[in-house]
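Worth knowing before you read on, the calculation uses all heavy atoms, side chains too, and leaves out hydrogens, waters and symmetry mates. Because the structure is predicted, anything quoted here is derived from the model rather than measured.
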Amino acid sequence: MAATAIALAAALGGGLLLIARRFWSAAGVKQSITAATGLMEGKTVIITGANSGLGRATAAELLRQRARVIMACRDRGRAEEAARELRAELGLCSRGGGECRGELLVRELDLASLRSVRSFCQQVLQEEPRLDVLINNAGIFQCLYMKTEDGFEMQFGVNHLGHFLLTNLLLGLLKNSAPSRIIVVSSKLYKYGEINFDDLNSELHYNKSFAYSRSKLANILFTRELARRLEGTGVTVNVLHPGIVRTNLGRHIHIPFLAKPLFNLVSWAFFKSPLEGAQTSIYLASSPEVGGVSGKYFGDCKEEQLLPIAMDDLVGRKLWDISEVMVGLLK
Ligand SMILES: NC(=O)c1ccc[n+]([C@@H]2O[C@H](COP(=O)([O-])OP(=O)(O)OC[C@H]3O[C@@H](n4cnc5c(N)ncnc54)[C@H](OP(=O)(O)O)[C@@H]3O)[C@@H](O)[C@H]2O)c1
Ligand SMILES: *[C@@H]1O[C@H](CO)[C@@H](O)[C@H](O)[C@H]1NC(C)=O
């Protein structure tokens, strides 16, 4: 009897704590929104994967700060739908200019195709006089073994190589627009990765968790090597982990039907909302506090320490050189 009562009380108390935690964090996010209005006036931002999850939340907030946002997405239909919703939510007009706060554009970019990356960049270079912020946000998580159009393992190809080519092709425009910023969305799971140069396309052996971690480790090594190359140019590059966030990222993970309600409850209680998860991306894109900071790793809007595997500059350089060859920047 007593044991049941204690268990019940504990469950009730725990539930109340969870609810309090939800409302507490939602309040914190609201405050940061109102504090920053107008910060991005006159600035152009490209966000990859902006139709969903963190990218969509980042786009919404930067629009609130009056940026001109280019949503770089692989599926035009999904992107236009997200853009329509964002315009309605934020009260933007569809063509920008005049009284409009912020401006939203959709452009096609499939990071699993080097041809698509090249044509996206060509259009941007033709149409955009400046680029202030590039946010490499799109990502694919623990899919079954698949290859990109160019024959790369999908997670390494999209999360690392596609963004590698994208960034390199836009670097001239970013330099001409300096001071400008590049932001890379990685993950804490980088720590289970390793850059196994003998099998970057996982042809000998595929482990989907390892491949995701490897791609997120590559994001960090890329950031540090790029920061070194960009010293003195006025272009900064930083990398972040968003925490665990309720998004569509887990689409390739199978959760048994009966476990779904439990999973939903846990994710509602413990995972961040997309807007909470996007705070560090938004901070790195627009806060004056990090204007001169480059080559650093952030979580919850603060610099964090990296493990030695992510600070191995020799591996970082070798990865850069091999990536250049893989995407055809060097022949
Ligand atoms: N959610 C988390 O807990 C978490 C934790 C750590 C790190 N992250 C990182 O956060 C980033 C954003 O993920 P999310 O959680 O917001 O997931 P999400 O809701 O699934 O959004 C991912 C975005 O990437 C896009 N994308 C996937 N493949 C692409 C391709 N080949 N070309 C262009 N775009 C592509 C998706 O487009 P479609 O909608 O068309 O598929 C979608 O817009 C990822 O880099 C992820 O690794 C997330
Ligand atoms: C796959 O990789 C993960 C992370 O690197 C590791 O923990 C796990 O043991 C690996 N699984 C197999 C079957 O090798």
Sub-3.5 Å donor-acceptor pair from the side chain of [X] to the main-chain atoms of [Y], do we have one?
X	Y	result
Arg181	Leu284	yes
Ser180	Val235	no
Thr48	Ala138	yes
Arg87	Leu104	yes
Glu231	Ala227	no
Lys191	Ser213	no
Gln155	Lys208	yes
Ser294	Val237	yes
Asp300	Thr280	no
Asn219	Val184	no

Please report the shortest heavy-atom distance between [X] and [Y], naming the atom on each side.
X	Y	answer
Ala50	Ile47	CB-O, 3.6 Å
Val45	Met40	CG2-CE, 3.7 Å
Ala79	Asn51	CA-CB, 4.0 Å
Ser215	His160	O-CB, 4.4 Å
Thr44	Leu131	O-CD1, 3.7 Å
Ile309	Gly193	CD1-O, 3.9 Å

Minimum side-chain heavy-atom gap [X]-[Y] below 4.5 Å:
X	Y	answer
Arg224	Leu306	yes
Gln142	His252	no
Leu230	Lys175	yes
Ser186	His241	no
Arg228	Arg317	yes
Leu329	Leu169	yes
Leu319	Phe197	yes
Leu62	Val133	no

Residues [X] and [Y] bridged, charged N to O under 4.0 Å:
X	Y	value
Asp312	Lys318	no
Glu304	Lys188	no
Glu81	Arg78	no
Glu225	Arg229	yes

**Prompt:** Got more than 12 heavy atoms from elsewhere within 6.0 Å of CG, Leu144?
**Reply:** no
**Message:** Would you say CD of Gln305 has more than 12 non-hydrogen atoms from neighbouring residues, nucleotides or ligands within 6.0 angstrom?
**Reply:** no
**Message:** For a side chain to side chain contact (heavy atoms under 4.5 Å, CB included) check, start with the C-alpha distance between Lys147 and Glu203, then their side-chain angles and the critical distance, and finish with the verdict.
**Reply:** CA-CA 10 Å; Lys147 283 189 165 180; Glu203 273 155 350; 2.6 Å; yes
**Request:** Check ring-ring contact (aromatic ring centres under 6.0 Å, His included) between Phe298 and all other residues, then give those that pass, not counting sequence neighbours.
**Result:** none
**Item:** Set of residues satisfying ring-ring contact (aromatic ring centres under 6.0 Å, His included) with respect to Tyr190, sequence neighbours excluded
**Value:** Tyr297
**Prompt:** Would Ile282 and Val245 show up in the same hydrophobic cluster when neighbours are defined by side-chain heavy atoms closer than 4.5 Å?
**Reply:** no
Could you tell me the separation between the [atom1] atom of [X] and the [atom2] atom of [Y], rounded to the nearest 0.5 Å?
X	Y	atom1	atom2	value
Met71	Ser52	CE	OG	9.5 Å
Thr247	Leu54	OG1	CG	6.0 Å
His163	Ile135	NE2	CD1	10.5 Å
Ile253	Phe263	CD1	CZ	9.0 Å
Trp320	Asn168	CH2	CG	4.5 Å
Asn207	Tyr192	CG	OH	13.0 Å

**Message:** For Asn238, give me all partners under side chain to side chain donor-acceptor pair (under 3.5 Å), at least two apart in sequence or on another chain.
**Reply:** none
**Asked** Going by atom types only, do Ser116 and Asp110 share a side-chain donor-acceptor pair under 3.5 Å?
**Response** no
**Residues Asn136 and Thr167: side-chain donor-acceptor under 3.5 angstrom** = yes
**Request:** Test the Arg214-Phe156 pair against the cation-pi criterion, namely NZ or CZ under 6.0 angstrom from the six-membered ring centroid and within 45° of the ring axis.
**Result:** yes
**Request:** Test Glu194 against Phe210 for side chain to side chain contact (heavy atoms under 4.5 Å, CB included), laying out the working first.
**Result:** CA-CA 8 Å; Glu194 185 200 323; Phe210 172 80; 4.0 Å; yes
